[in-house]
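Because the structure is a prediction, the values reported are computed rather than measured.
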Amino acid sequence: MGMAFPLGMRLAVALRRELAPWLWGVNGATSVLASVLAVVIAMAVGISASFWTGVASYVVALASFAIATGQLRKKIGASAARPTTS
């Protein structure tokens with residue numbers, strides 16, 4: 001929701017362009033499953049548990065984004081440090 005998917009998509013495409021169609025499919029499937037899971041959690045445990053499950057999901061997404069951003073920086077740094085031959 002919001003900026004999480006577009007930022008993650010931009011980063012993933014920068015690392016491996018061929019992932020884009022697969023990531024769109026995963027996004028669609030997880031959107032449907034997550035909405036159903038949120039209702040199930042809210043009905044079984046309570047709305048507060050559903051809320052905190054969502055918060056935890058975004059924390060995991062943020063950590064994944066931070067790790068992937070570090071990998072991209074290393075990749076860019078390695079390619080910039082590589083000497084060019086003429």
Side-chain angles (χ1 to χ4, degrees):
M1 308 282 292
M3 292 303 295
F5 182 70
L7 287 173
M9 187 67 157
R10 181 181 299 161
L11 182 62
V13 170
L15 290 171
R16 291 183 54 196
R17 187 159 190 81
E18 67 275 7
L19 286 179
W22 186 79
L23 292 174
W24 278 107
V26 170
N27 179 59
T30 55
S31 294
V32 171
L33 293 175
S35 64
V36 173
L37 183 61
V39 172
V40 169
I41 291 171
M43 290 175 67
V45 186
I47 194 76
S48 181
S50 184
F51 171 78
W52 288 110
T53 302
V55 169
S57 297
Y58 274 94
V59 168
V60 169
L62 180 63
S64 299
F65 184 75
I67 291 167
T69 302
Q71 290 176 351
L72 181 61
R73 286 187 181 149
K74 286 179 186 176
K75 182 179 178 180
I76 291 171
S79 64
R82 194 175 313 140
T84 58
T85 56
S86 317

Please list, one pair per line, the donor and acceptor atoms closer than 3.5 Å that link side chains of residues 22-30 to other protein atoms, with sequence neighbours excluded.
unit_1	atom_1	unit_2	atom_2	d
T30	OG1	V26	O	2.8
T30	OG1	N27	O	3.2

Under 3.5 Å, which donor-acceptor pairs link side chains of residues 32-40 to any protein atom two or more places apart or in another chain?
unit_1	atom_1	unit_2	atom_2	d
S35	OG	S31	O	3.4
S35	OG	V32	O	2.8

Taking only distance into account, with no hydrogens and no angle test, what donor-acceptor pairs under 3.5 Å do side-chain atoms of residues 5-14 form with protein atoms, sequence neighbours excluded?
none

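Side chains of Y58 and L62 form no contact here, defined as non-hydrogen atoms less than 4.5 Å apart.
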